There are 2 protein chains.
Amino acid sequence: MSETAAKEGPAREAEKEETGPGHIRQRNRTLILTAAEEIFAEQGYRGATTAAIAERAGLPKANVHYYFGTKEALYRAVLDDILTLWLGELDRLTEDSDPADALADYIRAKIVHSRERPLASRVYANEMIRGAKHTRDFLKQDLKSLVKTKSRVLESWVAQGKMEPVDPVHLFSIIWAATQHYADFEVQVSALVGRRQMTAKDYDEAAETIVRMVLRGCGLNYGKG
Amino acid sequence: MSETAAKEGPAREAEKEETGPGHIRQRNRTLILTAAEEIFAEQGYRGATTAAIAERAGLPKANVHYYFGTKEALYRAVLDDILTLWLGELDRLTEDSDPADALADYIRAKIVHSRERPLASRVYANEMIRGAKHTRDFLKQDLKSLVKTKSRVLESWVAQGKMEPVDPVHLFSIIWAATQHYADFEVQVSALVGRRQMTAKDYDEAAETIVRMVLRGCGLNYGKG
DNA sequence: GCAAAACCTGACCAGTTGGTCAAAATTATT
DNA sequence: AATAATTTTGACCAACTGGTCAGGTTTTGC
């Protein structure tokens, strides 16, 4: 994508008072990006107003436009942050790792993400639902080639006799759908488990259920299976 | 919910020219509801404008307000339609049916839904992502009690030794997530399979992959499993 | 055929929106 | 200390938004 994500500040002590050139820009951009992620997740693209984002960030509206220009540029920057966060996630799937361990680890990591950064997941889900107008290139290039790479890993696992053949696109789709569901549809799942908020145990049980279905679906052992 | 869904017109021949009292109301409400589902799915609640809905329906904006009053009432009517459509969906899960057959049928039916009415799914997904402000009661009452009823069916299957125990809430969550993903994230899946639009075969393969994982995850037979 | 009910709609309105700008305040550089 | 660069912000604007309404047209019931 285009905009650069929030970078680390100067590697100083963990002191509040940062100094040096650009530290104001750094702080305010982060404030705005965080606020924007919240508002975009809660209200959708069109529903989010720059005024609401500014208020949540504790800055005047004109300041938001000073740093990001337009609402659309800010939205792209938020998406950039999310995609950067998600991109390296598939690293644990390698040819010589154990399929069951690798897939289970990946699923559990994705569930942790759903618990810890549900807002990011919701912004992304919103973007997909509305047709991925700002993410077309990412999907057709970065994500597609990443999936292609990882498909070869799956094929090698199959060739090594480690697992049954499974269509990789559908496998990833199911894993992503199931794990992100706990972020995007949190309100529905919460209602069904009868709690105002899901507990850590709820998320763990969700992860184990998904792991169980995926592993057995791939002809791998899980529990009694 | 409150508003009534689109009802069947008088059971006449399949003629275009309907007559009789209320036929105008019937026709225009359907036109507006269909247009509204499209616009709400594409733009989200806030992004959808009554003007855009009216234009898509081929009617002046004031006409939309004549039939539905407010944008919010129209949105609730659209949601009503969707929920009514989805409510009777779980009927095939009964105590004396075969778990493998019943679950497989249900998953395949849900995938058909994702293919044939993706817009409805997207409106619902959007509503969940944004916190289900208009659907709280449905979630906590109708859906929760329905899931509770169906949980007893699952428990009876387990008691009959037909399948392994599985947490019903997570099982349904995974099924819904995986199947609806093909409607909500259609643009992403399309990009990954490398087609502008998914084919019927793509949907069938998706369904079979989900069925395979769910059945084996429940300790049921599927293919070589 | 006629009155009542239902339907239609252009014109209008008050509130909101993303975005601009110029002048002031602060921070960085020399 | 002086100058340059960056940051801050209230005031402003044109476009758009959901919603209203009065007066007209069509459909319905009898």
Side-chain angles (χ1 to χ4, degrees), chain A residues 3-4 6-7 9-10 12 15-33 35-36 39-40 42-78 130 133-134, chain B residues 3-4 6-7 9-10 12 15-33 35-36 39-40 42-78 130 133-134:
Chain A
E3 287 282 343
T4 44
K7 290 161 197 146
R12 282 178 146 279
E15 287 200 327
K16 285 284 174 187
E17 201 196 66
E18 305 200 32
T19 54
H23 78 280
I24 295 179
R25 186 174 201 81
Q26 165 62 32
R27 165 175 46 86
N28 284 350
R29 281 183 61 100
T30 303
L31 277 176
I32 294 166
L33 281 169
I39 303 293
F40 280 129
E42 290 167 11
Q43 309 287 346
Y45 177 74
R46 196 88 177 271
T49 68
T50 54
I53 292 168
E55 194 191 342
R56 181 87 45 119
L59 297 169
K61 190 184 68 158
N63 209 316
V64 170
H65 284 96
Y66 172 70
Y67 281 110
F68 290 93
T70 67
K71 177 182 173 181
E72 179 162 338
L74 174 56
Y75 179 65
R76 295 182 84 100
V78 170
R130 285 195 358 262
K133 291 177 186 68
H134 304 83
Chain B
E3 288 281 342
T4 46
K7 288 161 198 149
R12 281 175 147 279
E15 286 199 327
K16 286 282 172 188
E17 202 197 65
E18 304 201 32
T19 53
H23 78 279
I24 295 178
R25 185 175 201 81
Q26 166 63 31
R27 165 174 47 85
N28 285 349
R29 280 183 60 101
T30 303
L31 277 176
I32 294 166
L33 280 170
I39 303 293
F40 281 130
E42 289 166 11
Q43 309 286 346
Y45 177 74
R46 195 88 176 274
T49 67
T50 54
I53 293 168
E55 194 190 344
R56 181 87 44 120
L59 297 170
K61 191 184 67 159
N63 208 317
V64 171
H65 284 96
Y66 172 70
Y67 281 110
F68 289 94
T70 67
K71 177 182 173 181
E72 179 162 338
L74 173 55
Y75 180 65
R76 295 181 83 101
V78 171
R130 284 196 359 262
K133 292 178 185 68
H134 303 84

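What you see is a predicted model, and the numbers here were worked out from it, not measured in a lab. Below, chains carry the letters A, B, ... as their sequence lines are ordered, and counting in each starts from 1.
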Study note, to complete from the structure: By nearest-heavy-atom nucleotide on DNA chain C, the more 5' of A:Glu72 and B:Asn63 is B:Asn63
Check your understanding: Roughly how far apart are A:Ile53 CD1 and A:Asn63 CG, rounded to 0.5 Å?
Key -> 13.0 Å
Point to revise | Candidates C:dG19, D:dT7, C:dC7 - which lies nearest the side chain of B:Tyr67 | key: C:dC7
Review point. Within less than 4.0 Å of OP1 or OP2 of D:dT6, is there a side-chain N or O belonging to A:Arg25?
Key: no
Point to revise | N/O (side chain, B:His65) to phosphate O (OP1/OP2, C:dT9) under 4.0 Å | key: no
Practice item. Counting heavy atoms from C-beta on, name the nucleotide in D:dT27, D:dT8, D:dG18 closest to the side chain of B:Lys71. Key: D:dG18
Revision key, fill the gap. Atom NE2 of B:His23 and atom P of C:dA5 are separated, to the nearest Å, by 20 Å
Practice item. Between A:Ala51 and A:Ala62, name the one whose nearest nucleotide on DNA chain C is closer to the 5' end. Key: A:Ala51
Check your understanding: What integer distance in Å separates A:Asn28:CG from C:dA25:C1'?
Key -> 15 Å
Practice item. State, yes or no, whether a side-chain contact exists between B:Thr49 and A:Arg46 at a heavy-atom distance under 4.5 Å. Key: yes
Review point. For the side chain of A:Thr50, counting heavy atoms from C-beta on, which of D:dT27, C:dG18, C:dT27 is nearest?
Key: C:dG18
Check your understanding: For D:dT17, does OP1 or OP2 lie under 4.0 Å from any side-chain N or O of B:Arg46?
Key -> no
Revision key, fill the gap. Ring pair (Phe, Tyr, Trp, His ring centres under 6.0 Å) filter on B:Tyr75, not counting sequence neighbours, yields B:Phe40, B:Tyr45, B:His134
Point to revise | Shortest non-hydrogen separation from A:Val64 to A:Ile32 and the atoms involved | key: CA-CD1, 4.0 Å
Check your understanding: Could you state the OH-P distance from B:Tyr66 to D:dT25, rounded to the nearest angstrom?
Key -> 17 Å
Point to revise | Distance (rounded to the nearest 0.5 Å) between B:Tyr67 OH and B:Thr30 OG1 | key: 10.5 Å
Review point. For the helix from C:dG1-D:dC30 to C:dT30-D:dA1, what is the angle between the axes at its two ends, each from 5 pairs, rounded to 10°?
Key: 30°
Check your understanding: With side chains defined as the heavy atoms from C-beta onward, is the minimum distance between B:Glu42 and B:Arg56 less than 4.5 Å?
Key -> yes
Study note, to complete from the structure: By nearest-nucleotide position on DNA chain D, the 5'-leaning member of B:Thr49 and A:Lys61 is A:Lys61
Review point. Given B:Tyr66 and B:Asn28, is the side chain to side chain contact (heavy atoms under 4.5 Å, CB included) satisfied, shown in steps?
Key: CA-CA 10 Å; B:Tyr66 172 70; B:Asn28 285 349; over 6 Å; no
